[in-house]
**Student:** 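A single structure is presented below for examination.
Reminder, nothing fancy here: chain letters follow the sequence lines and each chain counts from 1.
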Amino acid sequence: MRDSSEWHPTAFRTHTIGQIVSNGAELIGEQVSVAGYAETVRGRGAIAFIMLRDGTGHIQAFLKKDNMDDDTFIAVQSASRESTLQVTGNVAQKRPPKVAEGEPTPPPEYEINVTGANILSSAETPLPVGIIDDVNVGLDIRLDNRHLDVRRTHVNAMFQLRSRVLQYGRDYLISEGFQEINSPKIIASASEGGTNLFPMMYFDTPAFLSQSPQLYKQLAVLGGLERVFEIGPAFRAEKHDTYRHLNEFISFDIEGAWMNDEDVMGVQERMIHHIWSEIADNDQHLIDVVNEYRVSQGQEPVTVEVPELPFPRIPYCDAIEIVQKGGGEIEWGEDIESHHCDIIAAQYPGFHFLPRWPMSMKPFYIFHDEDETGSTGGQLSRGFDLNYGRDEMTSGGQREHRVDVLEQNLRNMGLEPADFTFYTDGFRYGAPPHAGWGLGVARLLMILTGAGNVREVVLFPRDRNRVTP
RNA sequence: GCCCUGAUGGUGUAGUGGCCUAUCAUGAAGCCCUGUCGAGGCUUCGACCCGGGUUCAAAUCCCGGUCGGGGCGCCA
C-alpha cells in the first residue's frame, strides 16, 4: 500500500486509512473522517462491520444502531460491496480476534466506531468481476473491466511498481546528465522503414503515428542537447499476437552525444542496476503483495535479484556459435529468433547484451566501421540488443553521423534519401558521434513482477483485437 | 499472415450423444445468528457464444461465423 504519512487532509477525509492503521495508538478516542470502498459489509442485526479500503490501507468500521440515526444505519448496512462511503467516528483499538490455542496474539489493530456515515456512490450488483473473491478471472474479462481489476491489491501493486520503475529510471538518467524531452507522435514519414505505421489524416495531409522517437531524439542531440531521454508511446501496426507485443507501447529511449555503443550499454546496465537496487530497498512490500497473490494461485513467488555489473556481452558472432553448439539451426547473417534465444538463455539466464550485429540486419541509422567484419567476413554494425532470458528488452547502438554514409545506407535499404531530408539535414552542419537505445517498459516490468503477459502491466493495452476501454 | 486450441450462470469451473428442467465454488437476493474478522447456518436466483446441419435424441458430433487462449513470424 501507499505510504500516506505525509498526505494532507482533503474535503472528504481528515485522515487516510493508512494514517490510522499505522498511527492508531496515538489517535485512539479522536474523531476522524475517512472515505473508501466498502470491501465487505457484514451484519444484519443491530450491528454491522464494514471493511473500508482506500488507496492507502484497510480499516474496519464498526456500526452500532444505537450510535446513529436509523436511516443512516440501514443505508450503510445494506450498502453493496465496492460502494464508496464516507464515515465519521472515533478511533478505537479493535477487540482481538479469537485465535486458536497456542497461536500468537496478533499485534493491535484499530477500527472506527462510527457515529455518522454517508454513501458517496452506490455500486451496482453484481460486480462484473470480484475484487476479493477467491476465483481466478481470465485476462480478457479483467481488461474489459480494468477499472475494477485495478482495485485488486496485487494489480494495484503492479502499477505502483510500474510507476517506481519509471521514477528510478528517470532519476538515474538525470543523475548522468540526461534531460527529458518530448518528440512528436504525429509524423509525416516512416522513422525507420520496416514496420507498418498507422496512417491518419493531419488536416488535409496524410500522416502517421510515430513508431519510435528515434530520428527526433537524434536531432535533439545533433542540436546540442547533449544527452536526452524520452518516455513516450510508440505505435506499430503489426498484426502480432504474443505475450510481449502491443500495438501501442511505452518506449524508454535515450540518446547521448560523444558516445558509442559500449558507452550507452554502460548507461543502460547502470540504470537497470539502479532501478533494481531501489526497488529492493524501498518497494519490497509491493513485491510481497504480488507474491501473496502468486502463491495463492500456485505460482512461484518472484524475487528482486539485483543484477551484477557489468552484464555479460555476447557478440553476435559468439551468439551464433552458442546457438549452433546448442543444436539450433542458424547461419551467420540470420536473425536470432525466440527459440535460439532459449538456447542462449540457458547459459545466460539474466540480463545480457548482444552487441555487433551484422549491418545487413540493422536499420540505416546504425553506425558501422568498415574495418569490423564478422567470422564469415560480413560487415558488422555497432548495433546491440539487451535480452533477459529469451526476451528482447532493448535495441540500441551507435548511430551513423556521416551524412554521406547515411544516405548510402538509405539507398541500400531501398529507401529514398529525399524523403528523409528533415532528418539528414540535421547532419550537414557538424554532427557529434552519438549513440542510444530504446527499452520496452512493459517488458522490464514483466521481469520484475513475474507477469507472463505485457498486458498485465499496461493499464489499457492496445492490441490487434482491443481498442477499448 | 501461419499452426494448434478453446467458448457452460455476473465470475471461475464439472460435464465427450439419452443418466443434464446441467456440477461445484464464488456472487446476488432474503432470513437466522453474531464484536464479526477468510465469520457461520438456511432458502432462493442465475448459464450450455451465434447461425446452419447430422440424429429418434446434441452442452456433447459436423460446417460456417464471432470472440478468446497458446506457439511462430516481426519487434521494444
**Student:** Report the residues that fulfil side chain to side chain contact (heavy atoms under 4.5 Å, CB included) with A/Asp133, sequence neighbours left out, ordered by chain and then residue number.
**Tutor:** A/Arg81, A/Val135
**Student:** Base of B/C74, side chain of A/Lys239 - is there a donor-acceptor contact under 3.5 Å?
**Tutor:** no
**Student:** Is there a side chain to side chain contact (heavy atoms under 4.5 Å, CB included) between A/Asn409 and A/His368? Walk through the geometry before answering.
**Tutor:** CA-CA 10 Å; A/Asn409 285 349; A/His368 69 279; 4.0 Å; yes
**Student:** Is any side-chain nitrogen or oxygen of A/Arg244 closer than 4.0 Å to OP1 or OP2 of B/G70?
**Tutor:** no
**Student:** A/Tyr243 has a side chain; which of B/G71, B/G12, B/A76 sits nearest to it?
**Tutor:** B/G71
**Student:** I'd like to compare against my own output: the B/S/- annotation of nucleotides 24-31 of chain B with a strict under-4.0 Å heavy-atom distance to protein.
**Tutor:** -BSSS---
**Student:** Could you measure between the two C1' atoms, the one in B/U60 and the one in B/C20, and give it in whole Å?
**Tutor:** 11 Å
**Student:** Could you give me the stems involving RNA chain B, meaning stretches of three or more consecutive Watson-Crick or G-U wobble pairs whose two defining distances are both below 3.5 Å?
**Tutor:** B:1-7 with B:66-72, B:10-12 with B:24-26, B:27-32 with B:40-45, B:49-53 with B:61-65
**Student:** Tell whether A/Glu124 reaches the base of B/G10 with its side chain through a donor-acceptor pair below 3.5 angstrom.
**Tutor:** no
**Student:** Measuring from the side chain of A/His240 (C-beta onward, heavy atoms only), which nucleotide among B/G68, B/U36, B/C74 has the closest atom?
**Tutor:** B/C74
**Student:** Check every strand shown and say whether A/Arg464 touches a base, only sugar-phosphate, or nothing at a heavy-atom separation below 4.0 Å.
**Tutor:** base
**Student:** Identify whether any heavy atom of A/Asn465 sits under 4.0 Å from a base atom; if not, whether one sits that close to sugar-phosphate; answer base, sugar-phosphate or nothing.
**Tutor:** sugar-phosphate
**Student:** For nucleotides B/C31 and B/U16, find the distance between their C1' atoms and express it as a whole number of Å.
**Tutor:** 41 Å
**Student:** Check every strand shown and say whether A/Pro233 touches a base, only sugar-phosphate, or nothing at a heavy-atom separation below 4.0 Å.
**Tutor:** nothing
**Student:** Do other residues, nucleotides or ligands put more than 12 heavy atoms under 6.0 Å from the OH atom of A/Tyr110?
**Tutor:** yes
**Student:** Please work out if A/Ser251 contacts a base, only the sugar-phosphate, or nothing of the nucleic acid, heavy-atom cut-off 4.0 Å.
**Tutor:** nothing
**Student:** Determine the contact category for A/Gly45: base if any of its heavy atoms lies under 4.0 Å from a base atom, sugar-phosphate if only primed atoms, P, OP1 or OP2 are that close, otherwise nothing.
**Tutor:** base
**Student:** Is there a donor-acceptor pair under 3.5 Å between the side chain of A/His154 and the backbone N or O of A/Arg152?
**Tutor:** no
**Student:** Please lay out, stage by stage, how A/Thr394 and A/Gln268 fare under the test side chain to side chain donor-acceptor pair (under 3.5 Å).
**Tutor:** CA-CA 9 Å; A/Thr394 291; A/Gln268 178 151 67; 3.0 Å; yes
**Student:** What interatomic distance, in whole Å, is found between P of B/G51 and the corresponding atom of B/C32?
**Tutor:** 44 Å
**Student:** Are any of the side-chain heavy atoms of A/Lys217 and A/Arg399 separated by less than 4.5 Å?
**Tutor:** yes
**Student:** Determine the contact category for A/Glu248: base if any of its heavy atoms lies under 4.0 Å from a base atom, sugar-phosphate if only primed atoms, P, OP1 or OP2 are that close, otherwise nothing.
**Tutor:** nothing
**Student:** So, A/Glu238 and A/His245: side-chain donor and acceptor under 3.5 Å apart, yes or no?
**Tutor:** no
**Student:** With C1' as the reference atom in both, quote the distance from B/C48 to B/G6 in angstrom, rounded to an integer.
**Tutor:** 14 Å
**Student:** Is it true that A/Phe229 and A/Trp437 have ring centroids separated by less than 6.0 Å?
**Tutor:** no
**Student:** Under 4.0 Å between any heavy atoms, over every strand shown, what does A/Phe62 touch: base, sugar-phosphate, or nothing? Just pick one.
**Tutor:** base
**Student:** Respond yes when some side-chain nitrogen or oxygen of A/Thr394 is under 4.0 Å from OP1 or OP2 of B/A76, and no when none is.
**Tutor:** no
**Student:** To the side chain of A/Asp140, which of B/G68, B/U11, B/C37 is closest?
**Tutor:** B/G68
**Student:** Want to settle it: does A/Leu386 or A/Gly43 sit nearer the 5' end of RNA chain B, counting the closest nucleotide to each?
**Tutor:** A/Gly43
**Student:** Base, sugar-phosphate alone, or nothing: which one does A/Thr40 contact when heavy atoms must sit under 4.0 Å apart?
**Tutor:** nothing
**Student:** Please work out if A/Val137 contacts a base, only the sugar-phosphate, or nothing of the nucleic acid, heavy-atom cut-off 4.0 Å.
**Tutor:** sugar-phosphate
**Student:** Out of B/G35, B/G12, B/A76, which has the shortest distance to the side chain of A/Glu392?
**Tutor:** B/A76
**Student:** Residues of residues 334-341 of chain A with any non-hydrogen atom less than 4.0 angstrom from an atom of RNA chain B: list those, numerically ordered, please.
**Tutor:** A/Asp335, A/Glu337, A/Ser338, A/His339
**Student:** Please name all residues satisfying ring-ring contact (aromatic ring centres under 6.0 Å, His included) with A/Phe73, sequence neighbours left out, ordered by chain then number.
**Tutor:** none
**Student:** Using a cut-off of less than 4.0 Å, is there contact between a side-chain N or O of A/Arg443 and OP1 or OP2 of B/A76?
**Tutor:** no
**Student:** For residues 111-127 of chain A, pull every pair meeting salt bridge (Lys or Arg N to Asp or Glu O under 4.0 Å), keeping only residues two or more places apart or in separate chains.
**Tutor:** none
**Student:** Which is true for A/Leu444 with a 4.0 Å heavy-atom rule: it touches a base, it touches only sugar-phosphate, or it touches nothing?
**Tutor:** nothing
**Student:** Can A/Phe49 be classed as stacking with the base of B/G35, given a centroid separation cut-off of 5.5 Å and a plane angle cut-off of 30°?
**Tutor:** no
**Student:** Checking all strands, does A/Arg390 fall into the base, sugar-phosphate, or nothing category for heavy-atom contacts under 4.0 angstrom?
**Tutor:** sugar-phosphate
